Amino acid sequence: MTAGVAAAADTIAAIATAPGEAGIAIVRLSGSRSLAIADLLFRGPGAPPSARPGGSFVRGHAGPAGRPAAHAEVDEVILLIYRAPHSYTREDVAEFQGHGGRACARRILRCALEAGARPAEPGEFTRRAFLNGRIDLLQAEAVADLVRARTDRAAAAAMEQLSGFLSQAMGELYNELLAAAADLEATLDFGEGDLPGSVLDGLDARLARARQGLERMLATWGEGRLLREGALVVIAGRPNVGKSTLLNRLLGVERAIVADTPGTTRDTIEEELVLDGVTVRLVDTAGLRDTVCAIEREGVARARDYVRRAHLLVYIIDASQPLEDEDRRLMAGMDPAASLILLNKTDLGCRVPPEEFPGMRVIETCLAGSGGGGPARDAIAEMLGTQSAAAPHAVISERHRNNLQCALNELNEATRRLAADRDEGSVLAASHLRRALDLLDQITGRTYTDELINTIFSKFCVGK
Ligand SMILES: Nc1nc2c(ncn2[C@@H]2O[C@H](COP(=O)(O)OP(=O)(O)OP(=O)(O)O)[C@@H](O)[C@H]2O)c(=O)[nH]1
Ligand SMILES: [Mg+2]
């Protein structure tokens with residue numbers, strides 16, 4: 001299917017604001033009958049809503065259709081009128097701004113539904129904006145990211161994507177590939193050996209540029225994941241080394257019980273914190289050791305599971321004690337780029353030299369001291385890359401990554417076919433490039449399946 005097709009003509013309605021007490025609540029209608037329905041609900045001075053210009057507003061009351069009596073009014077409202085195509089959905093839109101809180105908004109919504117609107121599905125307003133060609137799929141996804149953003153950096157990246165930055169970059173990549181495909185198709189018309197050398201040279205250069213473009217975009221995925229999902233930072237180590245102390249230090253509150261008894265923490269404790277604009281899911285775990293206690297054993301199993309899933313593992317060692325075999329075993333399997341070793345309790349002496357950990361990032365700390373978790377915090381932030389001075393920019397998501405990676409595979413396959421046999425390989429190479437183009441089209445939504453957009457918009461909230 002291709003975007004730009006008009007959306008379903010029926011008129012949808014939903015509460016667009018979050019539940020709970022607030023200054024105002026908004027009920028939004030979109031579709032060909034939204035202004036006619038607004039006429040039925042609205043009582044106020046002057047012309048009825050449908051006779052008013054787009055981009056205007058009027059103050060009055062809302063109430064059920066067909067019952068104009070004053071006592072039937074459900075709320076005092078400001079009505080905003082938008083006319084197609086100058087609206088969020090590119091359709092006629094009416095927005096009732098009433099008093100905040102669940103009850104008022106629900107009553108206005110009920111009136112709208114009784115007057116012929118249908119309840120909007122999650123993300124249906126944005127879906128219509130996409131189907132009516134106002135935004136592409138990348139921008140629609142940015143809307144969801146923006147609503148979900150918990151930090152300044154995540155919001156700034158989503159805003160840039162919404163403004164079309166990523167769409168433009170994707171467009172440039174697409175054009176490069178399209179030109180390469182056209183060059184290649186042209187070669188198919190020539191007989192063996194007749195092909196002008198300039199066409200072949202141009203083709204090679206275009207394929208190389210397209211490959212670089214794909215790789216550059218793929219490289220932003222790690223940052224995108226960090227901004228969208230947050231980073232999972234797991235604190236692990238043997239019992240009594242200071243794991244819970246670190247959790248408390250980083251959070252700035254006494255969240256976990258700290259005690260001089262090995263095995264104090266038996267469950268995992270997960271808390272969220274924002275580190276230099278990036279959301280971090282920080283997890284304290286049970287001390288790793290063999291134990292006969294079934295509860296503690298379960299805690300250790302959970303700890304090991306978290307260690308496997310961590311984006312960054314903070315492994316704490318009691319440096320005042322000699323290194324244990326268990327520590328050595330665990331560290332052998334660690335990824336140096338995603339692990340930070342804390343040699344703690346240095347106030348009690350240091351019997352573990354940092355040289356024990358070649359290639360690993362190691363810092364010496366005294367978490368119980370007044371400096372507390374400062375150095376650990378800085379090292380974590382640095383390893384997560386949150387301290388980069390670069391401004392946040394639009395970054396790809398998991399969905400985009402899958403398509404870009406497949407497109408890159410197709411491109412590499414095309415190159416391989418051409419290198420193996422310039423004449424025979426051209427036909428196959430051309431079909432690989434067409435596949436790559438198709439994959440890029442699905443990213444921007446130039447082509448899509450219902451299943452794809454159902455999946456994307458189902459993650460939106462109702463009213464967006
Ligand atoms: N001297 C000293 N004691 C520390 C330091 N850091 C933590 N402690 C103490 O070490 C003990 C254990 O600390 P916890 O934070 O509970 O250790 P844990 O790793 O969470 O222990 P489990 O939950 O039992 O696995 C507590 O008495 C802390 O006060 C430090 O840098 N120096
Ligand atoms: Mg603990």
Side-chain angles (χ1 to χ4, degrees), residues 1-5 85-90 123 126-149 152-183 202 205-228 388-411 433-448 452-453 456-457 459-460 464:
M1 241 183 269
T2 316
V5 179
H86 305 293
S87 72
Y88 184 69
T89 55
R90 278 207 170 159
T126 310
R127 184 182 187 132
R128 289 186 173 198
F130 163 67
L131 290 174
N132 290 325
R134 192 176 71 75
I135 52 174
D136 67 17
L137 208 47
L138 277 166
Q139 291 169 304
E141 289 173 300
V143 170
D145 285 343
L146 194 55
V147 171
R148 232 172 270 138
D152 279 353
R153 278 168 62 102
M159 263 310 288
E160 200 180 78
Q161 185 170 329
L162 183 57
S163 74
F165 177 85
L166 203 53
S167 310
Q168 192 187 337
M170 207 66 78
E172 282 161 16
L173 192 57
Y174 184 89
N175 288 340
E176 198 69 70
L177 259 182
L178 188 67
D183 280 356
R206 283 190 196 289
L207 289 176
R209 276 200 299 272
R211 183 177 308 108
Q212 280 164 10
L214 282 167
E215 284 167 351
R216 248 198 323 272
M217 227 175 256
L218 277 164
T220 68
W221 177 70
E223 196 184 338
R225 191 175 64 154
L226 209 62
L227 288 177
R228 288 190 178 87
S388 86
H393 56 86
V395 278
I396 63 165
S397 70
E398 180 72 39
R399 180 181 87 84
H400 312 144
R401 182 174 87 128
N402 285 340
N403 278 39
L404 287 170
Q405 188 59 58
C406 292
L408 183 61
N409 295 347
E410 295 289 344
L411 177 63
L433 288 191
R434 275 195 298 274
R435 270 287 301 149
L437 283 166
D438 195 38
L439 285 157
L440 295 189
D441 267 346
Q442 288 169 25
I443 295 181
T444 52
R446 200 166 2 198
T447 60
Y448 61 88
L452 173 68
I453 60 168
I456 289 173
F457 288 104
K459 294 185 191 122
F460 279 61
K464 190 68 221 178

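We use all heavy atoms of the structure for the numbers below, so side chains are in, but hydrogens, waters and symmetry mates are not. Since we're looking at a predicted model, the values are computed, not measured.
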Quick one, T126 with Y88, criterion side chain to side chain contact (heavy atoms under 4.5 Å, CB included). Give me CA distance, side-chain angles, the key distance, then yes/no. CA-CA 8 Å; T126 310; Y88 184 69; 2.8 Å; yes
Closest heavy-atom pair, A180 versus L207, reported as atoms and distance to 0.1 Å, is CB-CD2, 3.9 Å
Check: F457 and L137 side chains under 4.5 Å, non-hydrogen atoms: yes
When R206, R211, Q212 are each screened for side-chain hydrogen bond (donor to acceptor under 3.5 Å, both in side chains) with E176, the one that passes is R206
Please report the shortest heavy-atom distance between A142 and A158, naming the atom on each side. CB-O, 3.5 Å
Do L404 and M170 come close enough that some side-chain heavy atom pair is under 4.5 Å? yes
Is any side-chain heavy atom of R446 less than 4.5 Å from a side-chain heavy atom of D136? no
Out of E160, E223, R401, which residue meets the side-chain contact (heavy atoms from CB on, under 4.5 Å) rule with V395? E223
Nearest-0.5 Å distance, CZ of residue R128 to CZ of residue R90: 15.0 Å
Any side-chain heavy atom of E141 sitting closer than 4.5 Å to one from R399? yes
Could you tell me the separation between the CD1 atom of I396 and the CZ atom of R225, rounded to the nearest 0.5 Å? 11.5 Å
Please round to the nearest 0.5 Å and tell me the distance separating atom CE of M217 and atom CG of L166. 6.0 Å
Is there side-chain contact between V143 and F460, with at least one heavy-atom pair below 4.5 Å? yes
Closest non-hydrogen atoms of Q139 and I135, given as atom of the first, atom of the second and distance, are OE1-CA, 3.3 Å
What is the distance from atom CZ of F130 to atom CD1 of I456, rounded to the nearest 0.5 Å? 7.5 Å
Report the C-alpha separation of L226 and R153 in whole Å, then their side-chain angles, then the decisive distance to 0.1 Å, and conclude whether the side chain to side chain contact (heavy atoms under 4.5 Å, CB included) test is met. CA-CA 10 Å; L226 209 62; R153 278 168 62 102; 5.9 Å; no
Gap between atom CG of L162 and atom CG of L138 - 0.5 Å precision: 11.0 Å
Which atom pair, heavy atoms only, marks the closest approach of L227 to A157? CD1-CB, 3.7 Å
Spacing of R209 atom CZ and N175 atom CG [to the nearest 0.5 Å]: 12.0 Å
Walk me through whether Q442 and T447 qualify under side chain to side chain contact (heavy atoms under 4.5 Å, CB included). CA-CA 5 Å; Q442 288 169 25; T447 60; 3.9 Å; yes
For a quick test of reading the model, state the closest non-hydrogen atom pair linking L177 to A436 and the distance between them. CD1-CB, 4.0 Å
Taking side-chain hydrogen bond (donor to acceptor under 3.5 Å, both in side chains) as the test, write out the residues that go with R134, two or more places apart. none
Below 4.5 Å, heavy atoms only, C-beta onward: do Y174 and I443 meet side chain to side chain? no
Assess the residue pair D145 and R228 against the criterion (salt bridge (Lys or Arg N to Asp or Glu O under 4.0 Å)); give the C-alpha distance rounded to whole Å, side-chain angles, the decisive distance to 0.1 Å, and a yes or no. CA-CA 7 Å; D145 285 343; R228 288 190 178 87; 2.8 Å; yes
N403, L214, L439 screened by side-chain contact (heavy atoms from CB on, under 4.5 Å) with L408, the one that passes: L214
